[in-house]
Amino acid sequence: MDKLEVLKKFWGFDQFRPNQEEIINSLLSGEDVLGILPTGGGKSLCYQLPAILNEGSVLVVSPLIALMEDQVKQLEQQEIKAMYFESHPKSLPIQQQLDNSIHGNFKLIYTAPERFLNPNFVQRLAQANISLIAIDEAHCISEWGHDFRPAYRELGILRSLFPNIPLLALTASATPEVVKDIQTLLGLQKATLFQSSFERPNIAYQIWHTEDKFNTVVQLLNHHKGTSIVYCNTRKQTEDLAQFLKQSGHQADYFHGGLLAENKKQRLAAWQQGKIRHMVATTAFGMGIDKADVRTVIHLQLPESIENYYQETGRAGRDQKPASSFLLFHSGDAKELKSQFLDKIPQQQDLEGTYKDLCNFLQIAYGEGKDVFFSLDLERFCKRYEKNLSKTRQVLQLFEQAGVFSLTSSQEQQMRLRITAPTDYITSYLNQSSTAAMVLEYLMRQSAHFISETIFLSPKKLSQAMKLSNRSLMLAFEDLQQQNILTYSVYESHL
């Protein structure tokens, strides 16, 4: 089959969107490509279609599990064999997943950038028959980009792993500084650049001045039917506005970085399936949101940058049908946004306070710690000492630049736990002679905060301390969750 036959058979389209065919032709000719296509411009087709035409597999690096899950499901529905590397407790061991990627004849293999911090993963993956490498959301490689991910900087290793394989870097927006970083850090000096217009003619952009933003949102959603995203700057605001919309008769829910991974997954699925019409979210509801029929995007405050604004409004009208974007503002918004930026700049007291709290958190005495490795869960640290996560990252980077210590990313599996049962129910449950009860009792003895707040731990260290196999430990947590005693989620910790 030729390109158009594949396009018609698997995607049902008769023609390509701007720059898609040119990018695909370059990749099929063995050239590296940097593609800057607008949100909704069909970036994924640029690597999915060559996967069908070429022998071997296309390796896709993507920053979000939700995006990988969604694309793999869609490809499987199209009868295109695809997989992604999972870290869920019920998933296959990573070595077996690697075996599948090497011997399973998958056309597309998705992975997160953090995987490349693991030398064993890199060594095994190098054995796969890779015909093309695609790096989605490539702007994440640059500190000048709006979604900088440090792990992206490790992707330069792909050039040495697969020196003769074409590499495709994709993003929806990139300043000249970001383009330069992408080209340099990925080794794309001779790459062909394709850049489409940022114009989205099907989206109507409007700016509204209002002193009552909540009621204005209700009025807009009453008038503009269909699915929507409402962006807020704070977690509390998402919760308050979602509740206000529900009271006003709208199907709404909230989404922010403070939710457990399982809750995020459930709410995203409900919104994508139309069970929830309106998602009120922070920018945590960002990359990888692939829903074609979003009719309205509303910003309650000024975005932090024009790039953020373009990315977020671009999630409307991906089906090319008319859509609307509304930016609500009042006279104090500009001053509030400016103060938010200033608040993130570390001051002397931030440096001194963070250093002191870090030593207490890691139990480092004065004069000790030289040539010693310490494991730091940054989210847990910030929550314990009520610190701003973004500012604390900047403080740690300043310490590293000054030579106080060096930072390395870790992919050790971590677990987040939160008690959901009342104390009397827990007390009665502890009388059982089960592994789950034994684990619960151990945690209560080890952590004074277990009953009152979310705790974080290493399953590996816990299984070693309790002399349990990892499987027995995870079955115990599953049992505790089924008994509604606690909720847990597993994630990979990295700085």
Side-chain angles (χ1 to χ4, degrees), residues 23-24 26-36 43 46-48 50-51 54-63 68 83-85 87 94-95 97-145 147-171 174 177-194 400 406-412 492 494-495:
I23 289 174
I24 291 169
S26 293
L27 294 171
L28 293 175
S29 299
E31 300 173 10
D32 291 340
V33 172
L34 171 55
I36 305 176
K43 292 188 289 295
C46 295
Y47 54 80
Q48 291 176 351
N54 283 338
E55 295 291 330
S57 306
V58 172
L59 176 65
V60 184
V61 180
S62 174
M68 292 189 272
M83 66 164 283
Y84 69 99
F85 289 100
S87 299
I94 187 63
Q95 292 302 323
Q97 294 183 54
L98 280 163
D99 286 340
N100 290 343
S101 71
I102 296 168
H103 306 294
N105 296 319
F106 288 93
K107 299 307 296 180
L108 291 110
I109 300 168
Y110 289 79
T111 182
E114 283 75 17
R115 294 279 181 192
F116 293 93
L117 299 171
N118 185 331
N120 293 328
F121 176 85
V122 172
Q123 186 178 7
R124 289 295 313 283
L125 186 65
Q127 300 172 31
N129 181 21
I130 303 298
S131 62
L132 168 67
I133 299 167
I135 299 176
D136 203 6
E137 309 292 354
H139 62 273
C140 294
I141 202 170
S142 175
E143 289 183 343
W144 298 101
D147 289 304
F148 174 56
R149 286 273 288 271
Y152 262 73
R153 293 197 169 238
E154 301 298 322
L155 299 182
I157 195 174
L158 289 168
R159 177 55 77 212
S160 57
L161 281 178
F162 305 101
N164 301 315
I165 302 302
L167 194 152
L168 168 65
L170 289 166
T171 181
E177 293 89 350
V178 173
V179 169
K180 185 177 179 181
D181 269 359
I182 293 172
Q183 292 173 328
T184 302
L185 296 170
L186 293 178
L188 298 180
Q189 278 79 6
K190 296 182 180 180
T192 307
L193 173 63
F194 293 95
E400 183 177 36
S406 66
L407 302 172
T408 57
S409 296
S410 167
Q411 272 198 293
E412 182 180 352
E492 287 181 349
H494 57 277
L495 214 58

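Contact annotation: the side chain of Ile36 never approaches that of Phe194 to less than 4.5 Å [non-hydrogen atoms, C-beta and beyond]. Counting heavy atoms from C-beta outward, Ile165 and Ser131 have side chains that stay 4.5 Å or more apart. Looking only at side-chain heavy atoms (C-beta outward), Val60 and Ile109 stay at 4.5 Å or farther from each other. Within the 4.5 Å cutoff, no side-chain heavy atoms of Arg124 are placed close to those of Ile94. With contacts defined as side-chain heavy-atom distances shorter than 4.5 Å, the pair Tyr84/Leu108 does not qualify.
Under the 3.5 Å distance criterion, the side-chain polar atoms of Lys43 are left unmatched by any main-chain donor or acceptor of Leu170. Ser160 places a side-chain N or O within 3.5 Å of a backbone atom of Ile157 that can act as its donor or acceptor partner. A donor-acceptor pair under 3.5 Å is formed between the side chain of Ser57 and the backbone N or O of Phe106. Asp32 contributes a side-chain N or O that, together with a main-chain N or O of Leu167, makes up a donor-acceptor pair within less than 3.5 Å.
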Exercise for review: Applying side chain to side chain contact (heavy atoms under 4.5 Å, CB included), run through Thr192 and Leu34 and close with a yes or a no.
Suggested key: CA-CA 6 Å; Thr192 307; Leu34 171 55; over 6 Å; no
Exercise for review: Using the side chain to side chain contact (heavy atoms under 4.5 Å, CB included) rule, take Leu125 and Leu161 through it: C-alpha gap first, then chi angles, then the decisive distance, then the call.
Suggested key: CA-CA 9 Å; Leu125 186 65; Leu161 281 178; 5.8 Å; no
Exercise for review: Please lay out, stage by stage, how Val61 and Leu158 fare under the test side chain to side chain contact (heavy atoms under 4.5 Å, CB included).
Suggested key: CA-CA 11 Å; Val61 180; Leu158 289 168; 4.3 Å; yes
Exercise for review: Report the C-alpha separation of Gln183 and Val179 in whole Å, then their side-chain angles, then the decisive distance to 0.1 Å, and conclude whether the side chain to side chain contact (heavy atoms under 4.5 Å, CB included) test is met.
Suggested key: CA-CA 6 Å; Gln183 292 173 328; Val179 169; 3.9 Å; yes
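The line from OG1 of Thr111 to CE of Met83 is 8.5 Å long, rounded to the nearest 0.5 Å. Between Glu31 atom CD and Leu168 atom CG the span is 12.0 Å, to the nearest 0.5 Å. Here the CG-OG distance, from Asn129 to Ser101, works out to 11.0 Å after rounding to the nearest 0.5 Å. Here NE2 of His139 is found 14.5 Å from CD of Glu177. Values are rounded to the nearest 0.5 Å. Atom CZ in Arg159 sits 13.0 Å away from atom CG in Leu185 (nearest 0.5 Å). Taking CZ from Phe121 and CD from Gln97, the interatomic distance works out to 9.0 Å, rounded to the nearest 0.5 Å.
In this structure, Arg153 and Asp181 approach most closely via the heavy-atom pair NH2-OD2, 4.1 Å. Across Pro63 and Pro113, no two heavy atoms sit closer than the pair CA-CD, 4.1 Å. Across all non-hydrogen atoms, the minimal contact from Tyr152 to Ser62 is OH-C, 4.1 Å. Leu117 approaches Glu154 most closely through the heavy-atom pair CD2-CG, 3.0 Å. Of all heavy-atom pairs between Phe162 and Ala128, the closest is CE2-O, 4.1 Å. The shortest non-hydrogen separation linking Leu132 to Ile130 is O-CG2, 3.4 Å.
The neighbour count for Gln123 CD, taken as heavy atoms of other residues, nucleotides or ligands under 6.0 Å away, does not exceed 12.
If you look at Phe85 and Tyr110, their ring centroids are not closer than 6.0 Å.
Of the options Ile24, Leu59, Val58, a side chain to side chain contact (heavy atoms under 4.5 Å, CB included) to Tyr47 is made by Val58 and by none of the others.
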